[in-house]
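Every chain is numbered from 1 and lettered A, B, ... according to where its sequence line falls, protein lines coming before strand lines.
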Amino acid sequence: MAAEDELSRRTARLAKITELCGDPFFITKFDKTHSATAVKTKFEGLAAGEKTDQSVSVAGRVMAIRNNGMFVVILDDTDRLQIFHDLKASAPELLELLALLDLGDIIGVTGLVRRTPRGEITVDATELKVLSKALEPPPEKFHGLKDVEARFRHREQDLVATPRTRETLRARYKMVAAIRQYLYDREFLEVETPMLHVMAGGAIAKPFVTHHNALDMPLYLRIAPELHLKRLVIGGVSEKLFEINRCFRNEGLSPKHNPEFTSLEVYQAYVDFTAMIDLTEAIVHHVALMLHGTGKVKFGDKEIDFTPPWPRKGMVELVREHTGLDLDALTDPVAARAAAQKIGVSTEPGLSWGQIVETVFGHKVEDKLIQPTHVIDLPKEISPLSKAWPDRPHVAQRFETYVNGWEIANAFSELNDPREQRARFLEQAEQKRGPDDPPHPIDEDFIKALAFGMPPMGGLGIGIDRLGMLMTDSASIREVIAFPTMRAVD
RNA sequence: GACCUCGUAGCUCAGCCGGUAGAGCAUCUGACUUUUAAUCAGGGGGUCAUGGGUUCAAAUCCCAUCGAGGUCACCA
């Protein structure tokens, strides 16, 4: 039967239902007394074949109709639940309505709870209401929705058809809630800063550009909230604050990159980056415990142990361990570049020593860091917002945390010297980057804010989507984003 | 952006050494009073992503386009 026929068949049934008991789309409420799980839990003790005289009202989507409607399975946001209709003894109106049910309809049922001889908790329907009619059929009941494109373009279908999708997205949302609660409990204030920026700062990435009509000027979707968050700390809104929200980067898509993604950024005055290491471990471990009851989390064929503390290793030290190349001994960029070339890492000419270290690290080390590892001692040249060590001026007081080869956290002792910050920005603006990259703008408002006096502080960013992937054994970032970015179809 | 793979019924898939399209689920008709992916019998349902080419003949081979996935590149 063609799709149009399916639509007209279901529409015809809707008309009949409307004749019988009114238009379902006019219904505004249903007094649901129990969720599917609540029913199953409450009557757990029933023996097979045992009946009760206790009535419940349940509601959900019709997932299966067996034995001509004798058994109907509904799904709500907790579980599936079986409904029984006595095809011989039920009221004729009920049976008439039952015959008009389709897979996917939303129904409300009132009836007595029993356990069938086969052991299934079941509601013997005495009342049936169609609360909403599905005019389109659901995906195949056993194999579900497999087509990746369809799953992401029509997440509602995927959610109905694929238990794993429900679990993954729920876990992601619970994870975000757990992180918020963790920080609330420690008196961090959750704040909001602009999504629309006059210039996109706080990171290096290509921004999305839009235009404000009334102001007749370009605006950029933020690539990071960092600079505004620091300004809030400077102003004294709170010495401990955070934001969990979206950032946007106009770059390539990959299993680890979505154009919009969620980041957590935390700032705390009067602490250094080592406090952010502790906080990173605490937050991530807390999330693992909350979702899995243990710090050890399965990912693919690996087991990742989030139990603190995690090892800290220098970036140059790691490069040495994995390649034998000691970049500390080659501080001249030309020599460093030649040495990198020898071990098969070619770099653009004109890169700084720090950029070469980062490139070699990215090619030779990154994907080997499976268990949580804090990479410390990052080059100052690639850390324009971080304080350097007084006794090691080319090394930043910064770390990046890697898990499963992915960067999931990035933090530093925040640079608060406005003169030094201006110099770093200028250096940044001159640094060699991609051929079509726009020049890095200098955010004078931010420098002015620093000049107003920023307390020493630690700042931390955690990629929520990637953390979500780790916590849900998801190979693609799209699994943990309800509606990942897709190309438009005609 | 480059390369590889994929796109067949509403869904899940088969068919791909060229010969005019199949199965299961869903759907329709009938049977069935306790099913658990219910079962049994029968029926209907297709622009084989789109466009072009080769050929007597194309779902199948070739080219282009669109969409998707992957790898790489890009990426604080």
Can you tell me, in whole Å, how much space there is between the C1' of B/G45 and that of B/A26? 11 Å
Now, which nucleotide makes the Watson-Crick or G-U wobble pair with B/G7, with each of the two distances under 3.5 Å? B/C66
Geometric cation-pi criterion A/Arg114 and A/Phe84, 6.0 Å radius, 45° cone: yes
With distance as the sole criterion, is a donor-acceptor pair present between the side chains of A/Ser90 and A/His85 under 3.5 Å? no
Does A/Leu378 reach a base, just sugar-phosphate, or nothing at all? Heavy atoms under 4.0 Å. nothing
Between A/Phe273 (CZ) and B/A76 (P), how many Å, whole number? 22 Å
From the candidates B/U34, B/A38, B/A68, the one with an atom nearest any side-chain atom of A/Phe71 is B/U34
Nearest to side-chain heavy atoms of A/Leu145, which nucleotide of B/C11, B/G70, B/A68: B/C11
With C1' as the reference atom in both, quote the distance from B/G22 to B/U39 in angstrom, rounded to an integer. 23 Å
Between A/Asp124 (CG) and B/U34 (P), how many Å, whole number? 14 Å
Could you say whether A/His363 or A/Arg487 is positioned toward the 5' end of RNA chain B, judged by the nucleotide with the nearest heavy atom to each? A/Arg487
Any strand, both distances under 3.5 Å, Watson-Crick or G-U wobble: B/G18 pairs with none
Searching all strands shown, indicate the nucleotide that pairs with B/U71 (Watson-Crick or G-U wobble; both distances under 3.5 Å). B/A2
Taking B/C3 as the reference, what is the distance to B/U8 when you measure between their P atoms (whole Å, please)? 24 Å
Quantified in whole Å, what is the P atom distance between nucleotide B/A2 and nucleotide B/C74? 15 Å
Taking only Lys NZ, Arg NE, NH1 and NH2, and the carboxylate oxygens of Asp or Glu, determine whether A/Arg115 and A/Glu50 approach each other closer than 4.0 Å. no
Closest approach to the side chain of A/Arg9, judged atom by atom: which nucleotide of B/C74, B/G10, B/C28 is it? B/C28
Euclidean distance for P, B/C62 against B/G7 (whole angstrom): 13 Å
Verify the distance criterion only: is there a donor paired with an acceptor across the side chains of A/Arg231 and A/Thr193 at less than 3.5 Å? no
Selection from B/U36, B/G67, B/A76 that lies nearest to any side-chain heavy atom of A/Gln82: B/U36
Where the side chain of A/Glu140 is concerned, which of B/C28, B/U12, B/C74 is the nearest nucleotide? B/U12
Which part of the nucleic acid, if any, lies within reach of A/Gly362 when heavy atoms closer than 4.0 Å are counted: base, sugar-phosphate only, or nothing? nothing
Are any of the side-chain nitrogens in A/Arg222 or A/Glu243 under 4.0 Å away from the carboxylate oxygens of its partner? yes
State which of B/C11, B/A26, B/C75 makes the closest approach to the side chain of A/His257. B/C75
Check every strand shown and say whether A/Glu251 touches a base, only sugar-phosphate, or nothing at a heavy-atom separation below 4.0 Å. sugar-phosphate
The side chain of A/Phe142 lies closest to which of these nucleotides: B/C13, B/A37, B/A76? B/A37
NZ/NE/NH1/NH2 to OD/OE distance under 4.0 Å, A/Arg398 and A/Asp377: no
Centroid separation under 6.0 Å, is that true for the rings of A/Trp389 and A/Phe412? no
For A/Pro384 and A/Arg13, take the nucleotide of RNA chain B holding the closest heavy atom to each; which residue's nucleotide lies nearer the 5' end? A/Arg13
Whole-Å distance between B/G10 P and A/Asp147 CG? 13 Å
Partner of B/A37 by Watson-Crick or G-U wobble geometry, both contacts under 3.5 Å, or none? none
With both distances under 3.5 angstrom, what nucleotide forms a Watson-Crick or G-U wobble pair with B/A59? none
Nearest-Å distance, CG (A/Leu253) to P (B/A68)? 9 Å
Nearest to the side chain of A/Glu407 - B/A73, B/A76, B/A68? B/A76
Sticking with atom C1', work out how far B/U20 lies from B/A58, rounded to a whole angstrom. 9 Å
May I ask you to say what A/Arg10 touches in the nucleic acid, namely base, sugar-phosphate or nothing, with a heavy-atom cut-off under 4.0 Å? nothing
Examine the base of B/C11 for any acceptor or donor lying under 3.5 Å from a partner atom in the side chain of A/His143, and report the outcome as yes or no. no
From the list B/A38, B/G24, B/G70, which nucleotide is the closest neighbour of the side chain of A/Asn67? B/A38
Give the nucleotide from the list B/C75, B/U12, B/A76 with an atom nearest to the side chain of A/Glu358. B/A76
Does A/Lys141 have a side-chain nitrogen or oxygen under 4.0 Å from the phosphate oxygens OP1 or OP2 of B/A26? yes
